[in-house]
Trainee: 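First, the structure itself, so that you have it in front of you.
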Amino acid sequence: SIDAIAGNILVEPARGSGHASGGEMRFQPARLRTRVGEGGMDYKGFNIAVHEMGHNVEQTLSLNDIDYTLLEGVPNTAFTEALAFVFQNQDLDLLGIAEPNAMRDAMAALDTYWGACEIAAVALVDMGVWHWMYDHPDATPAQLKEAAIEISTDIWNRYYAPVFKKKDVVLLGIYSHMIHSLLYLPDYPVGHMIALQIEERMREVGAIGPEFERVATIGNVTPDMWMTQATGAPVGPEALLAATGRALDRVASQGGSR
């Protein structure tokens, strides 16, 4: 029930922008860490807090309501992030100020596509840097820095310079999760793809809460098995690309620019 889930979440102040920490045994509280400024919580803080609350709800359901304790959780971090994205995308609805319409849905799809492309950039750098570190186990910090800059530039020039018409940008090397969080970044673009597939399923059945609860309790099975049970199709970019195409058509039909 809503009360049981809410009662299992403890809200605490965050040192950073926000964080979620699930329990390790059944009925141990999940912790929502969020930042509230001196003047109160602004929209950015609320948006992040809703994302972290999505983690907490998933953590509570996938720990306490799973059939077998050995299947506790979800397949991997990409799925954790996907379910938090689903929550985060409902933030305006939670505030009671959302105005559902076709154009809003189209812009949301484009935002998801752009978010996936953006975070995929640093994910590719993250993977490249880790490959480099394994190939150079005795590298110095200075050599690692130089390699990270070179890899960042190469990824930018290969995939993003053709779009932005500017070469040799090193911006992708600045992301803070890199190295520190052990190949966490690739989970984000995959998470965006998973989230969109889940949201499309929710729209088809006309239910958010019951579907969230259902998929959060599938268990820690293989990714494609989880995704097929959740949405009817395995993990992949097809749903996101199709939604993006439909969104571009919608924007173009309303007089927007492609």
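We count residues from 1, following the sequence as given.
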Trainee: Among pairs that include at least one residue of residues 70-97, which meet salt bridge (charged side-chain N to carboxylate O under 4.0 Å, His left out), considering only residues two or more places apart or in two chains?
Mentor: D93-R104
Trainee: Tell me every residue that passes side chain to side chain contact (heavy atoms under 4.5 Å, CB included) with M41, counting only those two or more places apart in sequence or in another chain.
Mentor: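 With sequence neighbours excluded, M41 shows a side chain to side chain contact (heavy atoms under 4.5 Å, CB included) to T34, V36, F46, A49, given in chain and number order.
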Trainee: Quick one: side chain to side chain contact (heavy atoms under 4.5 Å, CB included) partners of A6, sequence neighbours excluded?
Mentor: none
Trainee: Applying salt bridge (charged side-chain N to carboxylate O under 4.0 Å, His left out) as the test, list every pair that has at least one member in residues 7-24; sequence neighbours left out.
Mentor: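 Qualifying pairs: E12-R31, E12-R33.
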Trainee: Going by the rule side-chain hydrogen bond (donor to acceptor under 3.5 Å, both in side chains), which residues pair with T69 if we only count those two or more places apart in sequence or in a different chain?
Mentor: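 Partners of T69 under the side-chain hydrogen bond (donor to acceptor under 3.5 Å, both in side chains) test: none.
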Trainee: List the residues meeting side-chain hydrogen bond (donor to acceptor under 3.5 Å, both in side chains) with N8, not counting sequence neighbours, and say none if there are none.
Mentor: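 If we apply the side-chain hydrogen bond (donor to acceptor under 3.5 Å, both in side chains) test to N8, skipping adjacent residues, the hits are T60.
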Trainee: Assign the ring pair H192 / F85 to parallel, tilted or perpendicular, where the plane angle (0 to 90°) is split at 30° and 60°.
Mentor: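 The rings of H192 and F85 lie parallel, inter-plane angle below 30°.
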Trainee: Give the intermediate values and the outcome of side chain to side chain contact (heavy atoms under 4.5 Å, CB included) for residues Y188 and E118.
Mentor: CA-CA 10 Å; Y188 281 116; E118 185 179 31; over 6 Å; no
Trainee: Kindly say whether I208 contributes a backbone atom to a donor-acceptor pair with the side chain of E211 at under 3.5 angstrom?
Mentor: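 No, because the side chain of E211 does not come within donor-acceptor range (under 3.5 Å) of the backbone of I208.
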Trainee: In chain order, what residues pass the side chain to side chain contact (heavy atoms under 4.5 Å, CB included) check against D138, with sequence neighbours excluded?
Mentor: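 Applying side chain to side chain contact (heavy atoms under 4.5 Å, CB included) to D138 gives none.
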Trainee: For Q197, check side-chain hydrogen bond (donor to acceptor under 3.5 Å, both in side chains) against everything at least two apart and list the hits.
Mentor: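 Residues passing side-chain hydrogen bond (donor to acceptor under 3.5 Å, both in side chains) with Q197: none at all.
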Trainee: Excluding sequence neighbours, so at least two apart, what forms side-chain hydrogen bond (donor to acceptor under 3.5 Å, both in side chains) with T80?
Mentor: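 Residues passing side-chain hydrogen bond (donor to acceptor under 3.5 Å, both in side chains) with T80: none at all.
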Trainee: Taking everything shown except I2 itself, do over 12 heavy atoms lie less than 6.0 Å from its CD1?
Mentor: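 No, CD1 of I2 has 12 or fewer neighbouring heavy atoms, counting only those of other groups under 6.0 Å.
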Trainee: With sequence neighbours excluded, tell me which residues meet side chain to side chain contact (heavy atoms under 4.5 Å, CB included) with Q229.
Mentor: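 Side chain to side chain contact (heavy atoms under 4.5 Å, CB included) check on Q229 returns I218, M225.
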Trainee: Under 30°, 30 to 60°, or over 60°: which ring-plane class applies to H55 and H51, parallel, tilted or perpendicular?
Mentor: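 Correct class here is perpendicular.
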Trainee: Might you point out which heavy atoms bring P234 and T228 nearest each other, and give the distance in Å?
Mentor: N-OG1, 3.8 Å
Trainee: Please give me the minimum heavy-atom distance between T217 and L61, naming the atom from each residue.
Mentor: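 Smallest interatomic distance, heavy atoms only, reads CG2-O, 3.7 Å.
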Trainee: Per the salt bridge (charged side-chain N to carboxylate O under 4.0 Å, His left out) rule, what does the pair list look like for residues 38-52, sequence neighbours excluded?
Mentor: none
Trainee: Does anything in residues 142-160 pair up under salt bridge (charged side-chain N to carboxylate O under 4.0 Å, His left out), and if so which pairs, sequence neighbours excluded?
Mentor: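 Those involving residues 142-160 are D154-R158.
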Trainee: Answer yes or no: does atom CD1 of I174 have more than 12 heavy-atom neighbours from other residues, nucleotides or ligands under 6.0 Å?
Mentor: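 12 or below, so no.
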